[in-house]
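In listed order, ligands and their atoms are each counted from 1.
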Amino acid sequence: MIDVAIIGGGPAALSAGLNCRQRNASVCIFGRSIDSSLLYAAEEVDNYLGMPNMTGEDMTNAFFKHAMKNGVEFKECRVSQIIPMGEYFLINAENEFHEAKAIILCTGINKSHTITGERDLLGKGVSYCATCDGMLYRGKKVVVVAENPEGEEEANFLADVCESVTYIPKYKEVSHLKENIIVKTGKVKAVLEADGKVSGIQLDEEVIPCDGAFFAKNSTPPDSLVVGLSIEGNAIVVNRKMETNIPMVYAAGDCTGVPYQIAKAVGEGLIAALSAVAEVKK
Ligand SMILES: Cc1cc2nc3c(=O)[nH]c(=O)nc-3n(C[C@H](O)[C@H](O)[C@H](O)COP(=O)(O)OP(=O)(O)OC[C@H]3O[C@@H](n4cnc5c(N)ncnc54)[C@H](O)[C@@H]3O)c2cc1C
């Protein structure tokens with residue numbers, strides 16, 4: 001089991017990783033490719049102290065190199081769920097499970113759009129992980145709404161256990177679906193509820209009855225990564241130690257709100273790392 005798992009891959013995550021290593025904690029960053037950090041897109045950065053006139057790409061590479069040189073592990077993946085297990089956390093990274101004593105969320109600006117009913121019915125029929133929750137829908141009807149082809153793998157898994165699977169892709173070419181999956185297109189308007197549970201999906205003017213609604217998203221809202229996480233507006237609520245409302249879960253960088261700036265991300269990453277390592281070593 002590692003001491004600290006960091007979810008992200010931008011300046012906040014790399015700073016948190018470096019500072020965990022400098023306090024002798026074992027650490028792994030679970031992040032999508034480093035070019036998915038917002039910083040990578042910056043043509044020129046001229047307000048980061050001591051590194052004038054840098055491109056975002058060069059700065060990202062410099063941060064990455066520094067963190068790796070200090071023994072930070074980087075696992076390129078998308079994390080879909082973090083499950084509290086009492087004394088530790090289980091991290092679902094593309095269906096590989098990892099254990100960590102503390103978590104630092106550095107997921108950047110929350111770009112994910114939620115539809116009516118989605119947040120309220122999380123855990124009551126709405127899920128972001130078929131392999132975690134699929135068995136609960138054995139012999140039942142489910143709908144998979146997918147922003148990317150990773151949803152096809154989720155739908156194929158569900159097709160083996162569910163009575164029916166309807167797949168609604170939000171991208172162009174669907175290529176690897178099993179034959180018993182029904183494909184529909186259109187605007188997904190709402191997750192419908194009856195008796196406190198999911199009862200269907202509103203697709204344009206059509207209602208698709210179902211017991212479970214699975215979402216495969218490009219960007220996972222932080223409060224669906226860690227259920228019960230306190231969010232205000234679009235930002236994770238933290239105190240000055242970068243602690244969230246969930247013990248041993250910290251957050252840093254753009255995901256904690258404005259200003260969206262590298263120096264803030266790097267500074268918060270450092271504070272989150274020091275706070276997390278102090279608790280882990282207690
Ligand atoms: C064009 C542009 C120019 C900018 N110029 C400046 C500037 O001049 N000065 C300045 O200070 N700031 C600038 N910024 C802002 C700066 O880039 C951000 O404030 C900074 O990148 C925030 O770092 P972060 O680590 O919090 O988030 P990000 O850099 O956004 O990194 C978040 C990372 O988390 C990953 N991630 C998210 N969810 C998951 C998941 N579930 N599993 C795995 N990985 C996940 C993302 O893929 C991404 O790699 C600019 C931004 C842009 C877009």
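- Summarising the contacts of atom 41 (N) of ligand 1 with I82, V79, I6, the nearest heavy atom is found in V79.
- Residue I7 is not grouped with residue F215 when hydrophobic side chains (ILVMFWY) are merged at heavy-atom distances under 4.5 angstrom, including chains of intermediate members.
- Salt bridge present: D160 and K178 bring a charged side-chain N and a carboxylate O closer than 4.0 Å.
- Counting only heavy atoms of the protein, atom 34 (O) of ligand 1 lies nearest to G8 CA, 3.3 Å.
- Closest heavy-atom contact between E152 and Y167: N-OH, 3.1 Å.
- In C106, the part holding a heavy atom less than 4.0 Å from any atom of ligand 1 is the backbone.
- Among all non-hydrogen protein atoms, the one lying nearest atom 18 (C) of ligand 1 is D254 OD2, 3.3 Å.
- For the side-chain contact (heavy atoms from CB on, under 4.5 Å) test with T244, the passing option among I103, V237, L229 is L229; the others fail.
- Protein heavy atom nearest atom 27 (O) of ligand 1, with residue, atom name and distance: G108 CA, 3.5 Å.
- The nearest protein atom to atom 21 (O) of ligand 1, hydrogens excluded, is given as L39 N, 3.5 Å; this is a heavy-atom distance.
- With respect to atom 29 (O) of ligand 1, the closest heavy atom belonging to the protein is S37 OG, 2.7 Å.
- The protein heavy-atom contact nearest to atom 45 (C) of ligand 1 is R32 CG, 4.0 Å.
- Listed for the S15 side chain is no donor-acceptor partner under 3.5 Å among the backbone atoms of A12.
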Item to check | Stepwise salt bridge (Lys or Arg N to Asp or Glu O under 4.0 Å) check, E268 with K264 | outcome: CA-CA 6 Å; E268 289 189 353; K264 169 184 171 280; 3.4 Å; yes
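- The backbone N or O of P221 lies less than 3.5 Å from a partner atom in the side chain of S224, making a donor-acceptor pair.
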Item to check | Trace of the salt bridge (Lys or Arg N to Asp or Glu O under 4.0 Å) decision for D223 with R119 | outcome: CA-CA 9 Å; D223 53 340; R119 270 217 162 102; 2.8 Å; yes
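- Here's the thing with R78: none of its N/O atoms is less than 3.5 angstrom from an N/O atom of ligand 1.
- Summary of contacts: the protein heavy atom closest to atom 5 (N) of ligand 1 is A42 CB, 3.8 Å.
- Atoms of ligand 1 found under 4.0 Å from any heavy atom of G253, numbered from 1 in the order shown, are 26 (O).
- Residue L38 has at least one N or O atom closer than 3.5 Å to an N or O atom of ligand 1.
- Salt bridge annotation for K189-E205: present, with a cationic side-chain nitrogen under 4.0 angstrom from a carboxylate oxygen.
- F30 and F74 have their aromatic ring centers separated by at least 6.0 angstrom.
- The shortest N/O to N/O separation between I262 and ligand 1 falls below 3.5 Å.
- Side-chain atoms of D195 do not come within 3.5 Å of backbone N or O of K197 as any donor-acceptor pair.
- Taking 4.0 Å as the cut-off between side-chain N and carboxylate O, D3 and K101 count as a salt-bridged pair.
- Protein heavy atom closest to atom 49 (O) of ligand 1, with residue, atom name and distance, is S36 OG, 2.8 Å.
- The closest approach between any non-hydrogen atom of C77 and ligand 1 is below 4.0 Å.
- Contacts with ligand 1 closer than 4.0 Å are made by side-chain heavy atoms of N47 only, the backbone lying farther away.
- Of the N or O atoms in P11, one or more lie within a sub-3.5 Å distance of an N or O in ligand 1.
- At a 3.5 angstrom cut-off on N or O pairs, A12 counts as close to ligand 1.
- Residue contacts with ligand 1 for Y48 are absent, since no atom lies close enough (heavy atoms, distance under 4.0 Å).
- Residue contact check: F30 has heavy atoms under 4.0 Å from atoms 43 (C), 44 (N) of ligand 1.
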